[in-house]
2 protein chains.
Amino acid sequence: MSTQSKSCLVEKLSYYVDLDDIAEKHLAALEEHERNYYRHQEVYSEGDELQYLHVVKEGWFYSYTDMPDGRRQIIRVLHPGDIIGFPDISFEEATCNVRASEDGCLCPFPKSKLDVIFRESPKLTALMFSIANRDHACVIDTLRAMGRMDARERLSYFFLDIIARLRVTNKAMSNTIRMPMNQHEIGDALGLTHTYVSKTIREMEDAGLISRNGATLTLGYEDKLRDMVDFSDRYATLDTSWFPS
Amino acid sequence: MSTQSKSCLVEKLSYYVDLDDIAEKHLAALEEHERNYYRHQEVYSEGDELQYLHVVKEGWFYSYTDMPDGRRQIIRVLHPGDIIGFPDISFEEATCNVRASEDGCLCPFPKSKLDVIFRESPKLTALMFSIANRDHACVIDTLRAMGRMDARERLSYFFLDIIARLRVTNKAMSNTIRMPMNQHEIGDALGLTHTYVSKTIREMEDAGLISRNGATLTLGYEDKLRDMVDFSDRYATLDTSWFPS
DNA sequence: GGGCTGCATCAATCTATCTTGAAGACGGCG
DNA sequence: CGCCGTCTTCAAGATAGATTGATGCAGCCC
């Protein structure tokens, strides 16, 4: 149980808004149960009857969809403190698969716990609403990348996005990240083949834009990369001005 | 004012759940004001300070983003009864542009009207939450199409999506739709060039998959097209089982 | 009627990315 | 230590889709 130290969820949300005791109590209820997953383990699959959302407690996960012929699209990488499943909430069945990118831990909670929040805490409701729609905006950014960017730009966007997300809970973070996804997975996230990911990353490294050290990746000129893809940080701030008090 | 006949918004939402008088009153408040737009007119632009959402009252609109070098990505086509702006709600500034695809009419309402709904109607809150996240799931479907489908599949997906949406308010609709977007816009929605859209549509027509008549488009073998892209209808049903009563 | 503009179409060329196959690098494990 | 699976890299050839520029058609305005 996660009572001794603050949970990642509370940490992440309190970055945006002050959480009172009642709100923290509601959030703690979302993390009552937990379950461990090992690298590449499936959490749930498209078409599964699904009445749960999940809070990521530890490790990286990702959501993805498959096409009948085996093509795969990774939709979103999920980090500790993220909530998994908002886009699925409108349906009885899961619309995508979720898998552990590395060993990790999730806290499942039923949709009906949101109902309690909706009835008892308008402020937390507004926050949940904002987080879900912020994630929506991030998927739109990915869509833009996939539709109109070439391979180098997509990779830059991908790395910038991840680093911006990790900074929410670790403001002091440098421009070096641990990268627990292989090139096949990165390709599936960006609509590229793993061979082309390999080639492009190598070229970016040769150009001095990034450097690697094992599973660790460092962005060389973050400003230059940001300009290249016209990057907007969707994580640094949230408009809470209209929230109920 | 839209008091004599039911508004598109109410019509669309009551497709999913019974709306009581209080809910209808809240929804009517979202459509108090209205403004007309002509074809290709900009509603708002990326970076604009934006405290409003909009209900589409009449006509097709679309949201899109531009890259500095002129590349453009259309994110989503919006029809009467749709709510524009959920993905922007978390930010003070608009994250995308919105434009009229043809002459039409919008009803702007401030974010703070959601706040009222959050405080007074948990049921309508859950519905808004579901609609916003349903739209999120639809953008994910588009992402899948852009990442892993070829041109013909993307076009099939695009047409199937539109027809499924229109069926929510018009169940009797055949497989013929009016298509008020030109091929350049369709290309921007699907990450293709307008010349390639033209070529591919022509080939699909020659193959008997679709047929055209002016600005009207008919899907030949809807089942075949659905199989080709593994299509899921996100509009026909919504899971309301967990809603507060 | 004549000219303009927007739109769809066609064709020739070009290129980014895919496909396939094979070879290193690396770590884990018997 | 040596084997084996996973991951990355390299190379050669194939192709889907981009690019550019020209043509035709329709509606619209003068």
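Order of the sequence lines fixes the chain letters, A, B, ..., with proteins taken first and strands second; residue numbering starts at 1 for each chain. The structure presented is a predicted model; accordingly, all values stated were derived computationally and were not measured.
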Starting from C1' on dG27(D), measure out to CZ on Arg39(B) and report it in whole angstrom. 12 Å
How many whole angstroms separate atom CG of Asp69(B) from atom P of dA18(D)? 15 Å
Give a yes-or-no answer on whether the side chains of Tyr64(A) and Arg99(A) include a donor-acceptor pair shorter than 3.5 Å. yes
Length of the line joining His40(A):NE2 and dC7(D):C1', which is rounded to integer Å: 11 Å
Between CE of Met204(A) and C1' of dA16(C) the distance, given in whole Å, is 16 Å
Against Thr218(B), only a single residue in Asn175(B), Thr176(B), Asn213(B) fulfils side chain to side chain donor-acceptor pair (under 3.5 Å); can you say which? Thr176(B)
Glu203(A) CD to dT15(C) C1', straight-line distance once rounded to whole Å: 14 Å
What orientation do Phe231(A) and Tyr157(A) show, parallel under 30°, tilted 30 to 60°, or perpendicular over 60°? tilted
Looking only at side-chain N and O atoms, does Tyr196(A) come under 4.0 Å of OP1 or OP2 in dT17(C)? yes
Below 4.0 Å: OP1/OP2 of dG6(C) and any side-chain N or O of Gln183(B): no
Quickly work out the Arg212(B) CZ to dT9(C) P distance and round it to whole Å. 4 Å
So does Glu102(B) pair up with Arg178(B), basic N to acidic O under 4.0 Å? yes
Short side-chain N/O contact from Arg152(A) to OP1 or OP2 of dA16(C), under 4.0 Å: no
Is there a side-chain polar atom (N or O) of Arg202(A) under 4.0 Å from OP1 or OP2 of dT8(D)? no
Atom-pair distance (NZ on Lys199(B); P on dA18(D)), nearest Å: 10 Å
Under 4.0 Å between any heavy atoms, over every strand shown, what does Thr195(B) touch: base, sugar-phosphate, or nothing? Just pick one. base
What contact category does Arg71(A) fall into here, base, sugar-phosphate, or nothing, at under 4.0 angstrom with non-hydrogen atoms? nothing
By nearest-nucleotide position on DNA chain D, the 5'-leaning member of Arg148(A) and Val197(A) is Val197(A)
Taking only the side-chain nitrogens and oxygens of Ser198(A), find out if one of them lies under 4.0 Å from OP1 or OP2 of dT9(D). yes
Any salt bridge linking Lys57(B) with Asp82(B)? Criterion: basic side-chain nitrogen under 4.0 Å from a carboxylate oxygen. no
Counting only side-chain N and O atoms of Thr193(B), is one of them less than 4.0 Å from OP1 or OP2 of dA18(D)? yes
For a quick check of understanding: with a heavy-atom distance under 4.0 Å over all strands, which category does Ile201(A) fall into, base, sugar-phosphate or nothing? nothing
So Gly214(B), base contact, sugar-phosphate only, or nothing? Heavy-atom distance under 4.0 Å. nothing
In whole angstroms, how far is the P atom of dA18(D) from the NE2 atom of His194(B)? 10 Å
